[in-house]
Number of protein chains: 2
Amino acid sequence: MTGPDRRTGTRPPVTRRVLGILEAFTPERPALTLTEICRRTGLPMATAHRLVNELVAWGALERGADGAYRVGLRLWEVASLAPRGPGLREAALPFMEDLYEATHQNVQLAVLDGLEVVYLERLSGRDAVHVFTRVGGRFPAHATGVGLALLAHADPELQERAIAGPLRRFTPKTICSGRQLRRVLAEVRRTGVAISDGQVELFALSVAAPVHGPDDSVVAALSIVVPSDAYDPRALVPAVRAGARGISRALGAPSARRPPASAARESGPPPRIAEGG
Amino acid sequence: MTGPDRRTGTRPPVTRRVLGILEAFTPERPALTLTEICRRTGLPMATAHRLVNELVAWGALERGADGAYRVGLRLWEVASLAPRGPGLREAALPFMEDLYEATHQNVQLAVLDGLEVVYLERLSGRDAVHVFTRVGGRFPAHATGVGLALLAHADPELQERAIAGPLRRFTPKTICSGRQLRRVLAEVRRTGVAISDGQVELFALSVAAPVHGPDDSVVAALSIVVPSDAYDPRALVPAVRAGARGISRALGAPSARRPPASAARESGPPPRIAEGG
DNA sequence: ACAGCGCTTCCGTCTGACGGAAGGATCGCC
DNA sequence: GGCGATCCTTCCGTCAGACGGAAGCGCTGT
């Protein structure tokens, strides 16, 4: 990224080059030397040096005792204002904790970005089944519970792109055909939950439900991931659904409003959680 | 910030202006129109427009349906690589969950930045005592449990700055004199835990312990905040200490290494958690 | 119809970003 | 202790691209 296009002679605007520097940091290489930054961004040393120094001065990057640069705390502070990120997370945490406490498995919260999901939060016990997602990480939507829940309620045009697009296979159980995906998405809309069984790793299964925002559109999805041999997914559905509904209510979703106190019965027939906007 | 210094005629470098735009977003105003951004940064409309567009193109900002700009998910993704931030958080979460589950109160993780603490994580039950910290938020170190725990093991020069500097008062119980702070910090070093009683809000009390990194220096602090009338702080000390030690071990701190299996006794006399670096 | 507001586009000016090159600072090796 | 290798830092003349005033656009309210 931010390739200097040295061949064409065109030079990208400063802003893009600065962002390119940030982009150079990845989960695999969260600490880089100046030289590495240059290699990854294609920037000349002198230029990278200047820009990096400005980033450090502000706190967007930090320089460790070892001389390597890392992403700085200050950047994280600003980023924690992202409304689709930590804001949502904040509202969701108490409900995620409930779910975690009841199961001690992996409880995840994710949003959709393009055809991928981005994980906002994950609670997982030391003894929970291992999932290789990371807070802040991405994953193709079609293969995950949260992804299916989000996709099912996404912009129809986006759904078509997903159905048309290449569907990466992770296991023999991964949804790989457009036809199959279309059927599953319809099913998700009908039932209000998504169940992804062994699609990423054969031994893991996830149950996910959509979370609605203040305008009732689906803004996120809550899921729980368990070992597939030890759980009946149907047993998890009510808990996940209740959690997602709780979060939706905390966000002010009209469809999740608590019924008038007189008639309040939290576990009545789910009043159409699906079929958002 | 990023004031254009229009009077002096000097113009800050592009990078600083871009960062200034990010800085314009605050917890109070996480969504800004272009005009507001201009007011806050002092940038001319045309300039702000161009820079903001570049930020949106990359994903550092997002533009909502209402036309307002917000911090983007992409920025948060990069920021989640900050080692002092989410990296630490990741290692700490399981232990924080244990502590949360045992008490259902507020469990917090924070690092020191200058004379302030930055909160990396907070678990809190719906019925826990209300604390007005926010993940990603800051607070003066001298008034909080985590702050005292961190300060006590910080660079001596920094400690002196804290002792000398003005100490903001929040309640009649807030530590406000340098003498008192010095004494408390020594006490924290001696006992290995910090207890902050009613320093921020009279009815809340926190117990905090330092977390050690791979080089045994103190990198973070773990705390629990409870209503002061319902808990004996001494009862919480072992749990907080154990949690902090667990995190330290997960981070690879030599001082927190589990003793050889033969002699393993997890709850023996605490082998000098304090006295780091 | 017009004023007010916020956003977007245009384009000539000139400044500050650019980066090649030279100069440290450390290492490890012989 | 000389020498190459690696990585970082500083300098400074050049010129491209950032800059921002001004004009235009699309609202909304009166």
Side-chain angles (χ1 to χ4, degrees), chain A residues 1-26 29-72, chain B residues 1-25 29-72 215:
Chain A
M1 301 303 114
T2 310
D5 276 345
R6 246 191 284 233
R7 52 203 135 236
T8 76
T10 344
R11 170 159 52 83
V14 194
T15 311
R16 189 140 326 184
R17 310 181 106 190
V18 168
L19 294 171
I21 291 177
L22 296 183
E23 216 168 25
F25 293 86
T26 63
R29 312 241 41 219
L32 300 172
T33 68
L34 187 56
T35 317
E36 285 170 320
I37 292 174
C38 291
R39 265 202 295 277
R40 284 165 174 253
T41 57
L43 293 174
M45 272 293 265
T47 303
H49 182 252
R50 184 167 28 81
L51 296 179
V52 161
N53 268 4
E54 292 180 85
L55 288 170
V56 169
W58 187 81
L61 297 181
E62 287 176 4
R63 186 156 202 194
D66 53 356
Y69 295 94
R70 285 158 233 269
V71 176
Chain B
M1 299 303 113
T2 310
D5 275 344
R6 246 191 284 232
R7 51 202 135 238
T8 75
T10 343
R11 171 160 48 84
V14 194
T15 311
R16 188 142 324 185
R17 310 182 106 190
V18 169
L19 294 171
I21 291 178
L22 296 183
E23 216 168 25
F25 294 86
R29 312 242 42 220
L32 299 173
T33 68
L34 187 55
T35 316
E36 284 171 320
I37 292 174
C38 291
R39 264 203 295 277
R40 285 165 173 253
T41 57
L43 293 174
M45 273 293 266
T47 304
H49 182 254
R50 183 167 29 83
L51 296 180
V52 161
N53 269 3
E54 293 179 83
L55 288 171
V56 169
W58 186 81
L61 297 182
E62 288 176 3
R63 186 155 201 194
D66 54 355
Y69 296 93
R70 285 157 233 271
V71 176
D215 62 351

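Lettering of chains follows the sequences in order, A, B, ..., and the numbering in each one begins at 1.
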Heavy-atom pair of closest approach, residues [X] and [Y]:
X: A:Glu23; Y: B:Trp58; result: OE2-NE1, 3.3 Å
X: B:Phe25; Y: B:Tyr69; result: CE2-O, 3.1 Å
X: A:Cys38; Y: A:Ala48; result: SG-CB, 3.6 Å
X: A:Glu36; Y: A:Leu32; result: OE1-CA, 3.3 Å
X: A:Arg16; Y: B:Glu54; result: N-OE1, 4.2 Å
X: A:Thr41; Y: A:Ala24; result: CG2-CB, 4.2 Å

Under 4.0 angstrom between [X] side-chain N/O and [N] OP1 or OP2:
X: B:Arg50; N: C:dC10; result: no
X: A:His49; N: D:dT9; result: yes
X: A:Thr47; N: C:dC18; result: no
X: B:Arg17; N: C:dA17; result: no
X: A:Thr35; N: D:dT6; result: no

Minimum-distance nucleotide (side-chain atoms of [X] versus [options]):
X: A:Tyr69; options: D:dC7, C:dC18, D:dT9; result: D:dT9
X: B:Ala46; options: C:dT8, D:dT10, C:dT9; result: C:dT9
X: A:Pro44; options: C:dG20, D:dC7, D:dT9; result: C:dG20

Rounded interatomic separation in angstrom, taking [atom1] from [X] and [atom2] from [N]:
X: B:Leu51; N: C:dC7; atom1: CG; atom2: C1'; value: 15 Å
X: A:Glu54; N: C:dC18; atom1: CD; atom2: P; value: 9 Å
X: B:Leu32; N: C:dC7; atom1: CG; atom2: C1'; value: 15 Å
X: B:Arg16; N: D:dC19; atom1: CZ; atom2: P; value: 14 Å
X: B:Leu43; N: C:dG6; atom1: CG; atom2: P; value: 17 Å
X: A:Met45; N: D:dC8; atom1: CE; atom2: C1'; value: 6 Å
X: A:Arg40; N: D:dC7; atom1: CZ; atom2: P; value: 14 Å

TODO: Using five pairs at either end of the helix from C:dA1-D:dT30 to C:dC30-D:dG1, determine the angle between the two local helix axes and round it to 10 degrees.
DONE: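 One end axis against the other gives 40°.
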Open item on the list: With nearest nucleotide decided by heavy atoms, which residue, A:Val14 or A:Asn53, maps closer to the 5′ end of DNA chain D?
Closed with: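 It is A:Asn53, whose closest nucleotide lies nearer the 5' terminus.
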Task: Nearest-0.5 Å distance that lies between atom CZ in B:Arg50 and atom CE in B:Met45 - done: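 Those atoms lie 13.0 Å apart.
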TODO: Select base, sugar-phosphate, or nothing to describe what A:Arg63 touches, counting heavy atoms under 4.0 Å on all strands.
DONE: sugar-phosphate
